[in-house]
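Positions are given from 1 along the sequence. As the structure is a prediction and not an experimental result, all values here were calculated from the model.
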Amino acid sequence: MKLKLFSLVLTVFMLFSLFSLTVSADEADGRIKASMESFLDPKGDIIGVSSKGEWGECPENSIPAIIEASKTGIDFVAVDVKRAYCGSLILFSDDTTERMLDSPDILTVSETDYSVLSAYKLRKGCGGSNEKVSEESIPLLSDAVKTAKENDIPLIIRCSASDISSVALLLGDEDALSMCIILTDAKIKEIDEALKDIENKPYIIGSKKGNVIFNMLSFVNGLEELSAKGVQLQTVNRYGINFYYSVLGMYTENMRAVLDHTTPEISGFREDSESYWNDVISRGYSVIITDHAERFSEYKEDVSTARKRLQTLYDKYVTDHTLPDFRDEALSDLKKAYTDAVALSEALLADSSSSLNDLTDCYSKLFKAANDINKNFSSLEDGSAGTTVTAPRIILCVAAVVAVVAVQIYFFKRRKKVG
């Protein structure tokens, strides 16, 4: 009896453990899967990217920075990759160690072995001679990929043309091609050359700085031929062609438009703040690289709330009601305002990457237009609810007043004459 009871308990325990592992595995690839699927859909949700991880208290491009960024709810972490002299791919932004590494001499990364570089500690934050020294060393890209997997966050890997093939091969070896995207400023021919002998090709975002539409068009067309998933448009010109509304409409509808807000010289000197996120998202950018991962995650939540709010209002005034026929021409302006607001609502609700500002403004327009017609749609069923001041009505009123006055004068003079 005791043996049977023990076997039953053991079986239940094993099943529970198996279930827990299964749940953990499902949870483990939740954000990676969702973020990657969204990114690969040109019409998907807005994507937030933490630049170099959450480096407020950690060194940029460090393992702790990646871990801290994963806690903010951000979609991706972007890391910078360099190659050491020995061939090791490491997380580092600069060509020399001057800014970030606490080394007695300024070392050139490409001329120094990783064993030497890793012997020194990284400075905290974004470095500089006045920044405190951390306990962290320069990490290998392979370690960063493993950390990203463990913390369920995909990576955008920024690298030069010469390192594309090495990064792609490493991602293949680490079984990480489905959770990483390579961002490079390489030319189209360089990207093509780097990937031509690689069987399992990585996802690519191309990057180009410029403001001449013909050059940008040529670059984007080349990226499309390579099946790239995004393009990072860079310019110093705040009012340049890259910031026209519906910017991708000029270039393509088949990939994501990426903007790096952390570097003013490539973002038209727009600040890394909510007002400018609204601005560029309204213009067609849907992937924002930011230094404010937590705030951008909150912004995305606000966008989601605003979208649901607009959808509810749309259902209330449009889906669940039919706009009556307006037999009174005086109501035509109100009808136009309403139909315009409905059309705008439909466009924004169909676009998963609408900005918070656009959604909230549209909500106000639809609400006002519907209430200007009447607070209750049923009162418009006869097509005559509401009044509007128009020129014909003013003339009619004036004529009526004149007629009344004339009649009064007529009867007054008559009474006076009779008297």
Side-chain angles (χ1 to χ4, degrees), residues 29-53 61 65-66 69-70 74-82 89 91 93 141-142 144-149 151-188 190-192 194-195 198-208 219-220 222-234 248 252 254-262 266 285-290 293 296 353:
D29 59 12
R31 177 167 44 182
I32 287 176
K33 182 179 179 181
S35 294
M36 289 299 295
E37 287 182 350
S38 181
F39 193 105
L40 298 177
D41 176 7
K43 302 295 184 182
D45 292 343
I46 300 164
I47 296 290
V49 182
S50 173
S51 182
K52 305 176 185 179
N61 285 314
I66 295 173
S70 72
I74 202 73
D75 301 294
F76 282 79
V77 172
V79 294
D80 302 303
V81 169
K82 297 287 184 184
L89 294 171
L91 264 57
S93 292
L141 174 59
S142 56
V145 169
K146 291 171 184 174
T147 299
K149 276 187 180 181
N151 290 274
D152 185 28
I153 189 163
L155 297 177
I156 290 178
I157 300 170
R158 297 183 283 214
C159 68
S160 64
S162 60
D163 292 330
I164 293 174
S165 57
S166 297
V167 171
L169 291 171
L170 183 146
L171 295 179
D173 292 341
E174 296 290 337
D175 192 25
L177 286 168
S178 63
M179 59 164 284
C180 296
I181 305 174
I182 294 175
L183 192 161
T184 180
D185 60 0
K187 298 177 181 178
I188 298 298
E190 291 174 326
I191 299 174
D192 190 28
L195 298 178
I198 296 177
E199 183 178 355
N200 296 317
K201 291 180 171 45
Y203 299 121
I204 294 289
I205 301 171
S207 179
K208 185 173 179 63
F219 181 73
V220 173
L223 286 178
E224 286 188 322
E225 291 178 7
L226 294 176
S227 300
K229 302 305 176 184
V231 56
Q232 178 179 316
L233 304 173
Q234 305 180 38
L248 273 198
T252 178
N254 300 320
M255 63 178 70
R256 293 280 195 159
V258 183
L259 191 71
D260 186 345
H261 264 292
T262 68
I266 63 175
Y285 290 90
S286 60
V287 179
I288 306 300
I289 301 175
T290 177
F296 194 87
S353 55

Checking K208 against F219: charged group under 6.0 Å from the ring centre and within 45 degrees of the axis?
yes
First locate atom CG of L40, then atom OH of Y203, and finally report the distance between them rounded to the nearest 0.5 Å.
5.0 Å
Determine, step by step, whether M255 and E224 satisfy the side-chain contact (heavy atoms from CB on, under 4.5 Å) criterion, reporting the C-alpha distance in whole Å, the side-chain angles of both residues, the deciding distance to 0.1 Å, and the verdict.
CA-CA 8 Å; M255 63 178 70; E224 286 188 322; 3.4 Å; yes
CG on L141 to CG on D80, rounded to 0.5 Å:
11.0 Å
Would you kindly say whether E174 and S142 are connected by a side-chain donor-acceptor distance under 3.5 Å?
no
For side-chain contact (heavy atoms from CB on, under 4.5 Å), just list the numbers for K201 and S227, CA-CA rounded to whole Å, side-chain angles, deciding distance to a tenth of an Å, and then say yes or no.
CA-CA 10 Å; K201 291 180 171 45; S227 300; over 6 Å; no
Short side-chain to backbone donor-acceptor contact, R158 and S93, under 3.5 Å
no
Verify side-chain contact (heavy atoms from CB on, under 4.5 Å) between L171 and I157, making sure each step is shown before the conclusion.
CA-CA 10 Å; L171 295 179; I157 300 170; 3.8 Å; yes
Is there side-chain contact between N151 and I66, with heavy atoms separated by less than 4.5 Å?
no
Mind checking the CD1-CD1 spacing from I266 to I289? Nearest 0.5 Å is all I need.
7.5 Å
Hey, does the side chain of D152 reach the backbone of R31 with a donor-acceptor pair shorter than 3.5 angstrom?
yes
Of all the heavy-atom pairs spanning D75 and I46, show the shortest one and how long it is.
OD2-O, 3.9 Å
Quick check for you: to the nearest 0.5 Å, what is the distance between I47 atom CD1 and M36 atom CE?
9.5 Å
Do L89 and S166 have side chains that get closer than 4.5 Å, going by heavy atoms?
yes
Spacing of CG belonging to L169 relative to CD belonging to E199, to within rounding of 0.5 Å:
11.5 Å
Verify the ring-centre separation between F76 and F39: is it less than 6.0 angstrom?
yes
Shortest non-hydrogen separation from V77 to G53 and the atoms involved:
CG1-N, 3.7 Å
Worked check of side-chain contact (heavy atoms from CB on, under 4.5 Å) between L226 and I204
CA-CA 9 Å; L226 294 176; I204 294 289; over 6 Å; no
Looking only at heavy atoms, which two atoms of I164 and A186 are closest? And how far apart?
CD1-CB, 4.0 Å
Without swapping roles, check the side chain of R256 against the backbone of D41 for a donor-acceptor pair under 3.5 Å.
yes
If I compare all heavy atoms of V81 with all of D163, which pair ends up nearest, and what's the gap?
O-OD2, 4.5 Å
When every non-hydrogen atom of M179 is compared with those of I153, the smallest separation belongs to CE-O, 3.9 Å
Among side-chain atoms of S51 and D260, is any donor-acceptor pair under 3.5 angstrom?
no
Should I181 and P154 count as side-chain neighbours, where that means a heavy-atom distance under 4.5 Å?
no
What is the minimum heavy-atom distance between K149 and I32, and which atoms define it?
CA-CD1, 4.3 Å
From I182 atom CD1 to I156 atom CD1, the distance as rounded to the nearest 0.5 Å:
11.5 Å
I'd like to check L223 versus I188 (side-chain heavy atoms, cut-off strictly below 4.5 Å). Are they in contact?
yes
